[in-house]
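Convention: sequence-line order gives letters A, B, ...; per-chain numbering from 1.
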Number of protein chains: 2
Amino acid sequence: MKYIDKLRNSGLRPTKQRLQICEVLFNTERTFHFTINELEQKIKDRIDNKISLATIYNTVHAFEKKGYLKQIPVNSNQTYFDTNITDHHHFYNLKDGKLIDLENSDVGPINIKRKIDGKKIKSIEVLVKLED
Amino acid sequence: MKYIDKLRNSGLRPTKQRLQICEVLFNTERTFHFTINELEQKIKDRIDNKISLATIYNTVHAFEKKGYLKQIPVNSNQTYFDTNITDHHHFYNLKDGKLIDLENSDVGPINIKRKIDGKKIKSIEVLVKLED
DNA sequence: CAGCTATTTAGAACCATTATAAACTATATA
DNA sequence: TATATAGTTTATAATGGTTCTAAATAGCTG
C-alpha cells in the first residue's frame, strides 16, 4: 500500500480518488508532463468510476504543495505539471506545446550570483523554447 | 517621430493608439515588466482618450511578434511581458508576483548541450523563484 | 478625394480555474 | 462498533483573463 503511506505521511487522507490518481501519476515507467485536461483524459481511460474535475484540481494542487508534482513555467493558457520532481529543465516545443526533459548534465550547473535580501531561492528553472 | 518610423518599418500603421502605447512602453528611463491589466492602468493614467482593452491586447501581441516585447514564462493566471528585450533572466517573487531582472552576468553563460533534430533554439530563459 | 484595407471598438464568447455548499467518508474516540 | 468531527468529493456556478465578432473608423495609395 505504497500510496496509502505516502499520502498519510504527508497528512492527506488516502481516499479512493487520491489513490487512483496516484496510480495514474506515479505508477509509471517514466515520468511525464501533463495539463489538467490531459490528466482528466488519462484518468477517464484507466479508471471505471468518475472522478470530478474539481477533485482532480484539488488533488493536483495538494500533491504539488506536498512536493509530489512540480509546476513548469511556460507561456500557455494551461498550467503544465511534471511528475519528475528532480532538478531538471525543459525544452518547450512552440509548435505543438509539448515539453521535453533536459537533464541537468545537458545544461550544466547554474550559479545565481545575485542575492535578494530576505529571500531564498526556491527553484531555478530553465526553459528552452524551440522553433522550426 | 521615432515611433512612427519604428512602426512603419515593421509594417504596422502608426495609429494614434499604437503611438500612445509606444510612449507608455518605450519612452521610459528603465525597462519594466507588466501584465495587460497593469498596462491598461498605466495607459489610463497617462492618456486622456480611452484605448479599448481589445486594442491593448492586439497591440501588445503585435509588438511581441515584431520583437519589441518579450513574454516571460511564469506560472500565473496572467501573462507577463517585458520591455527589456535583451537576453536576460528573472527572479520571480512568489509572494507578490513581481519580477526582478537578472543580468546575464548574474547567471553566467548557459550552454545547452543537447540538440533536437529539426528544431532550433528560439530563446533560453531562466526563472528563479524566490520565497521568504 | 476615392477607394481599399488595416485598425479600433464594445461587447459577447470562450475556457481554464476557483469557489460554493451540500453530501459523503476516513478516522479517532468512547 | 457506534458516533462525532473534520477532511473530501461533487456538481454546478462564478470568476476572470483572453480572444472573437462584426460594425465603425482611420491610414494610405493612386
Please check if the side chain of [X] supplies one atom and the backbone of [Y] the other of a donor-acceptor pair under 3.5 Å.
X	Y	result
Thr83(A)	Phe32(A)	yes
Tyr68(B)	Leu7(B)	no
Thr59(B)	Ile56(B)	no
Tyr57(B)	Ile36(B)	no
Asn75(A)	Ile72(B)	yes

**Prompt:** Using a heavy-atom distance cut-off of less than 4.0 Å, which residues of residues 93-100 of chain A contact DNA chain D?
**Reply:** none
**Prompt:** When you measure from every atom of DNA chain D, which of residues 66-84 of chain A have a heavy atom less than 4.0 Å away?
**Reply:**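 Within this stretch, nothing sits under 4.0 Å of the strand.
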**Item:** End axis versus end axis in the helix from dC1(C)-dG30(D) to dA30(C)-dT1(D), the angle rounded to 10°, five pairs used at each terminus
**Value:**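 One end's axis against the other's: 30°.
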At their closest point, which heavy atom of [X] faces which heavy atom of [Y], and how far apart are they?
X	Y	answer
Arg114(A)	Leu102(B)	CB-CD2, 4.0 Å
Asp82(B)	Asn84(B)	OD1-N, 2.8 Å
Val126(B)	His89(B)	N-ND1, 3.0 Å

Residue list, side-chain hydrogen bond (donor to acceptor under 3.5 Å, both in side chains) with [X], at least two apart or on another chain:
X	value
Ser105(A)	none
Lys6(A)	none
Asp87(A)	none
Asp45(B)	Gln41(B)

**Message:** Atom NZ of residue position Lys113(A) - does it have more than 12 heavy atoms of other residues, nucleotides or ligands inside 6.0 Å?
**Reply:** yes
**Prompt:** Does a side chain donor of either Gln78(A) or Ser76(A) reach within less than 3.5 Å of an acceptor in the other side chain?
**Reply:** no
Please give, in whole Å, the distance from [N] [atom2] to [X] [atom1]?
X	N	atom1	atom2	value
His61(A)	dA16(C)	NE2	P	14 Å
Lys16(A)	dC24(C)	NZ	P	13 Å
Tyr57(B)	dA12(C)	OH	P	17 Å

**Request:** Shoot me the first and last contacting nucleotide of DNA chain D against chain A, ordered 5' to 3', at under 4.0 angstrom to non-hydrogen atoms.
**Result:** dA6(D) to dA11(D)
Let me check something: any side-chain donor-acceptor pairs from residues 18-28 of chain A under 3.5 Å, sequence neighbours excluded? List them with distances.
{"unit_1": "Arg18(A)", "atom_1": "NH1", "unit_2": "Arg13(A)", "atom_2": "O", "d": "3.0"}
{"unit_1": "Gln20(A)", "atom_1": "OE1", "unit_2": "Asn49(A)", "atom_2": "ND2", "d": "3.0"}
{"unit_1": "Gln20(A)", "atom_1": "NE2", "unit_2": "Asn49(A)", "atom_2": "OD1", "d": "2.9"}
{"unit_1": "Glu23(A)", "atom_1": "OE1", "unit_2": "Asn27(A)", "atom_2": "ND2", "d": "2.9"}
{"unit_1": "Thr28(A)", "atom_1": "OG1", "unit_2": "Arg30(A)", "atom_2": "O", "d": "2.8"}

**Message:** So, applying side chain to side chain donor-acceptor pair (under 3.5 Å) with His33(B), which one of Glu38(B), Lys70(B), His90(B) is it?
**Reply:** His90(B)
**Residues Lys119(A), Asp132(B): salt bridge by 4.0 Å N-O rule** = yes
**Request:** Report the hydrophobic cluster partners of Ile85(A), with the cluster defined as I, L, V, M, F, W, Y residues connected by side-chain heavy atoms closer than 4.5 angstrom, directly or transitively.
**Result:** none
**Message:** Let's see if you get this right: which residues in residues 44-51 of chain B place a heavy atom under 4.0 Å from DNA chain C?
**Reply:**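 Residues of residues 44-51 of chain B that come under 4.0 Å of DNA chain C are, in numerical order, Lys50(B), Ile51(B).
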**Asked** Between dT9(C), dA16(C), dT17(C), which nucleotide gets closest to the side-chain atoms of Leu53(A)?
**Response**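 Among dT9(C), dA16(C), dT17(C), the one nearest the side chain of Leu53(A) is dT17(C).
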Could you go through nucleotides 4-7 of chain C and list every protein N or O atom that sits under 3.5 Å from one of its N or O atoms, giving the distance for each pair?
{"unit_1": "dT5(C)", "atom_1": "O2", "unit_2": "Arg13(B)", "atom_2": "NH1", "d": "3.4"}
{"unit_1": "dA6(C)", "atom_1": "O4'", "unit_2": "Arg13(B)", "atom_2": "NH1", "d": "3.1"}
{"unit_1": "dA6(C)", "atom_1": "O4'", "unit_2": "Arg13(B)", "atom_2": "NH2", "d": "3.4"}
{"unit_1": "dT7(C)", "atom_1": "OP1", "unit_2": "Arg13(B)", "atom_2": "N", "d": "3.3"}
{"unit_1": "dT7(C)", "atom_1": "OP1", "unit_2": "Arg18(B)", "atom_2": "NH1", "d": "2.7"}
{"unit_1": "dT7(C)", "atom_1": "OP1", "unit_2": "Arg18(B)", "atom_2": "NH2", "d": "3.3"}
{"unit_1": "dT7(C)", "atom_1": "O5'", "unit_2": "Arg18(B)", "atom_2": "NH2", "d": "3.4"}

